2 protein chains.
Amino acid sequence: MVKARSRPGAAATTGAVTLSSVAERAGVSLATASRVLHGSGGRAVGDALRARVFAAAQQLGYVSNGPAQALARASSSVVGLVVHDVADPYFSAIAAGAMRVARAHDLMVMVAATFRDPELELEYLARLRAQRARAVLLAGSGFTDPGYTSRLAAQIEGFERQGGRVALVGQHGVPADAVLPGHREGAAEAARYLWELGHRRIAVVCGPRALETVAHRLDGIREALRGLGADLAERDVVEADFTRSGGRTATLELLRRNPGVTAILALNDLMAAGALAALREERRAVPAEVSVIGFDDLPQAADLHPALTTVRLPLEEIGERALRLILEEEPGYAPRAVPVPATLVMRASTGPAPR
Amino acid sequence: MVKARSRPGAAATTGAVTLSSVAERAGVSLATASRVLHGSGGRAVGDALRARVFAAAQQLGYVSNGPAQALARASSSVVGLVVHDVADPYFSAIAAGAMRVARAHDLMVMVAATFRDPELELEYLARLRAQRARAVLLAGSGFTDPGYTSRLAAQIEGFERQGGRVALVGQHGVPADAVLPGHREGAAEAARYLWELGHRRIAVVCGPRALETVAHRLDGIREALRGLGADLAERDVVEADFTRSGGRTATLELLRRNPGVTAILALNDLMAAGALAALREERRAVPAEVSVIGFDDLPQAADLHPALTTVRLPLEEIGERALRLILEEEPGYAPRAVPVPATLVMRASTGPAPR
DNA sequence: AAGCCTGTGGAAAGCGCTTTCCCATGCGGT
DNA sequence: ACCGCATGGGAAAGCGCTTTCCACAGGCTT
């Protein structure tokens, strides 16, 4: 005896409008409806049928089923974007650039925030892989954590074997296409500029040391100073967390520890804003007594008081280039590295060292 | 005669690791593997098998197929977030709040930027619908455009019939759960504050009039002034585009048109920053000659010079509440409206009117 | 000792779509 | 007039997963 089985598959079969209902209504086969409504698959469809199908879809209010499409095609129309923090203007700028490119390719963007946790980054990469994202842009910098690199490499490899592409901002020590911002050179230029202004007591308000970006920027400063015959003492480097309030606290600490400092190099603009605030609290004139340089040139840098001298990074362009790299080139395949130079923007927060 | 058909379905069948390969390797059925690796579906699985399956998945490097899961379950693990512009700090703050909630629910977030184009907003809503997003947060304000409302309502209805939920920030004239920021009241409070300080020539640097948010804020000012027996003349309102440079230009225009103005109310902080810049260029002292008030209280508002008096909106909280609204309540269903009050933050950019 | 749950495992029917193969046309070439 | 041969349309086999229904053990009741 054959018993009628009720829907083994799941799904609320509440008269959902599917391709087959459209086909039925238009009096054509499923195949034809598919060819008309979604990419034709290299096949032409007659005008009459074509019009009938469109009309039917319209009347029924048909909305295609993305997951089903992705399953059948074995590729979704989604790209992933992994950042440290969406509220950080550094990352929103990169995101804006990337999203422009995604739009041009008609792709949706999934954004994930890791809050600088390597584990979370890896987790999100895996989830994006599960979502069959076509490409993923790792916009946060890499971590200096040793175990991290190999696990990241493994994830990336798995992802690419699956047909996805990965782009990096900054070089994470793994083979993948990358955009390389000139952290080192930009930082070096800032340091040399300060030196030329006569500053000999230069301190650094540093970001989280676990970040590759921070290491690069710090190295740039170190090397520049060394090239000038000077040296960056450990006690002139205070670590903060890339936020304004972290920068303020660190600067206060710095001033206490080392009151003779005449120049502060903050490793991002947010912390530079905090440094400026701390200096104001401590009644130290900028730039008469202390010069301040930031990094990134966020839109708000020019509105700080005094207007912030900073190392400019074309962030939107970085996001754009990175995604282009993997979306617009066939996977034919040798990882590329595109350098993006940083430039020093001189404004009012720097001046000659006091004597 | 039966001919062997070669893979009618698509997909690179390159030894992809699927659930069934895991099951095979573990020596269990597909059903068991599914129950172990993905939600058990209310069913228990013995410990021995459970362990075997995990081990097999581990060894094979199994990554689940999200689209397939979404198809079978008729629901994805994605939420959508539609904003005007990701680089605008107003929206990044909302996004940050929303993403926190999404993370707590273990959901991925698809972000779309409309650049204030109603058509694009509708398009993205449709695409999110196609992606079978579980929920969508429309974080940009609504448009005053007449046709828009009914089309939006239709989209939302279709989306909800499909099992999705929609939340709005601001009331778009459609029935859906919404978080309602106190645009009107906050703006009114700012206007009254200026009035109390003795200002009688108050001008407004307005945002795009097509936005509901702008209409509300403007109305708040109008009503407050009317309540005080004054009136906001059309010539004292200049429209800009919510950017810093737009604010600057508009303020310059305003100053030319109406040199006697003693207070400027900018409808967001970005434009207030531009106003401050314009005033500086024109050598008008703030607040001695002209007072300035902004709106939103972005993190950078306190760093402007002088520190900006502004109407604070708890943006992260707004994003958080909005997504909570639809994710954490059963669809049992009467649209809720959660008001979120704005508060005036007095800083240094406002002072008594000059006499 | 017979009857029954209860707890576990498996078979298989879809979810909605893409795409391959095959078939019916209508057409021009020789 | 006959034979290809494009051309456009349809049938159907999956894509990888979830979930329903069934089967079968054991451990309990009565």
Side-chain angles (χ1 to χ4, degrees), chain A residues 1-14 16-24 26-50 52-53 62-77 130 132 162-163, chain B residues 1-14 16-24 26-50 52-53 62-77 130 132 162-163:
Chain A
M1 166 181 124
V2 177
K3 258 214 0 238
R5 265 174 189 234
S6 68
R7 297 188 307 96
T13 317
T14 36
V17 179
T18 72
L19 238 204
S20 82
S21 44
V22 172
E24 189 178 359
V28 301
S29 77
L30 191 54
T32 301
S34 172
R35 286 198 270 254
V36 170
L37 293 176
H38 310 299
S40 50
R43 279 277 303 267
V45 174
D47 288 342
L49 286 200
R50 170 171 225 81
R52 286 228 308 279
V53 173
Y62 172 72
V63 176
S64 68
N65 184 319
Q69 240 176 101
L71 176 58
R73 287 192 179 144
S75 149
S76 73
S77 56
R132 294 302 189 264
Q162 197 183 274
Chain B
M1 166 180 121
V2 177
K3 265 236 315 263
R5 263 170 192 238
S6 68
R7 298 188 308 96
T13 318
T14 37
V17 178
T18 71
L19 239 202
S20 82
S21 44
V22 172
E24 190 178 356
V28 301
S29 76
L30 190 56
T32 303
S34 171
R35 287 197 271 252
V36 170
L37 293 176
H38 309 300
S40 49
R43 278 279 301 267
V45 174
D47 287 342
L49 286 201
R50 170 173 224 81
R52 288 225 310 277
V53 173
Y62 172 71
V63 177
S64 67
N65 185 318
Q69 236 175 105
L71 176 58
R73 286 194 180 143
S75 149
S76 73
S77 56
R132 293 306 187 262
Q162 195 182 275

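Just the heavy atoms: all of them, side chains too, but no hydrogens, waters or symmetry mates, feed the values below. Bear in mind the structure is a predicted one, so any value in this text is a computation, not a measurement.
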| query | Do you know the tightest heavy-atom contact between Leu19(A) and Ala33(A)? | reply | CD2-CB, 3.7 Å
| request: On DNA chain D, check which nucleotide each of Leu49(A) and Leu30(A) is closest to and give me the residue with the more 5' one. | output: Leu49(A)
| task | Kindly indicate whether the side chain of Arg73(B), heavy atoms from C-beta on, has any atom under 4.5 Å from the side chain of Arg132(B). | result | no
| said: Side chain of Arg73(B) only, heavy atoms from C-beta on: which candidate in dT18(C), dT18(D), dG9(D) is closest? | reply: dT18(D)
| task | Output all residues satisfying side chain to side chain donor-acceptor pair (under 3.5 Å) with Ser21(A), sequence neighbours left out; order by chain, then residue number. | result | none
| said: Any heavy-atom pair between the side chains of Val63(A) and Val17(A) that's under 4.5 Å? | reply: no
| query | How sharply is the helix from dA1(C)-dT30(D) to dT30(C)-dA1(D) bent, taking the axes over five pairs at either end and rounding to 10 degrees? | reply | 40°
| note | Of Pro67(A) and Ala31(A), the one whose closest nucleotide on DNA chain C sits nearer the 5' end is Pro67(A)
| Rounded to the Å, how far apart are Asn65(A) CG and dC17(C) P? | 5 Å
| Options dC17(C), dC15(C), dG10(D), nucleotide nearest the side-chain atoms of Ala72(B) | dC15(C)
| task | To the nearest Å, give me how far apart CG (Leu37(B)) and C1' (dT19(D)) are. | result | 16 Å
| message | Whether Ser20(B) contacts dG16(D) is assessed here as follows: a side-chain N or O lying under 4.0 Å from the phosphate OP1 or OP2. Is that the case? | response | no
| task | Ignoring backbone atoms, establish whether Thr32(A) has a side-chain N or O less than 4.0 Å from OP1 or OP2 of dG9(D). | result | no
| request: Return no unless some side-chain N or O of Thr18(A) is found under 4.0 Å from OP1 or OP2 of dG16(C). | output: no
| message | Please tell me if Ser34(A) has a side-chain N or O lying less than 4.0 Å from either OP1 or OP2 of dT18(C). | response | yes
| task | For Leu71(B) and dT18(D), give me the distance from atom CG to atom P, rounded to whole Å. | result | 11 Å
| message | Output the rounded distance in Å from CZ (Arg35(B)) to P (dT8(C)). | response | 11 Å
| field | Reported CG-to-CG distance for the pair Asn65(A) and Leu71(A), which is rounded to 0.5 angstrom | value | 9.5 Å
| message | Any non-hydrogen side-chain atom of Val36(A) less than 4.5 Å from a side-chain atom of Leu49(A)? | response | no
| note | Residues at least two apart in sequence or cross-chain that pass side chain to side chain contact (heavy atoms under 4.5 Å, CB included) with Ser75(A), listed by chain then number, are Arg134(A)
| Taking atom OG1 of Thr32(B) and atom CG of Leu37(B), what is their separation to the nearest 0.5 Å? | 10.5 Å
| Any donor-acceptor pair under 3.5 Å joining the side chain of Arg132(A) to the base of dG16(D)? | no
| query | Does the side chain of Gln69(B) get closer than 4.0 angstrom to OP1 or OP2 of dT18(D) through an N or O atom? | reply | yes
| query | How close or far is atom C1' of dA11(C) from atom CG of Leu19(B), stated in whole angstroms? | reply | 15 Å
| field | Interatomic distance where CD belongs to Glu24(B) and P belongs to dG16(D) [whole Å] | value | 14 Å
| task | Answer yes or no: side-chain N or O of Arg50(A) and base N or O of dG8(D) forming a donor-acceptor pair under 3.5 Å. | result | no
| message | Side chain of His38(A), heavy atoms from C-beta onward: which of dC17(C), dC17(D), dG16(C) has the nearest atom to it? | response | dC17(C)
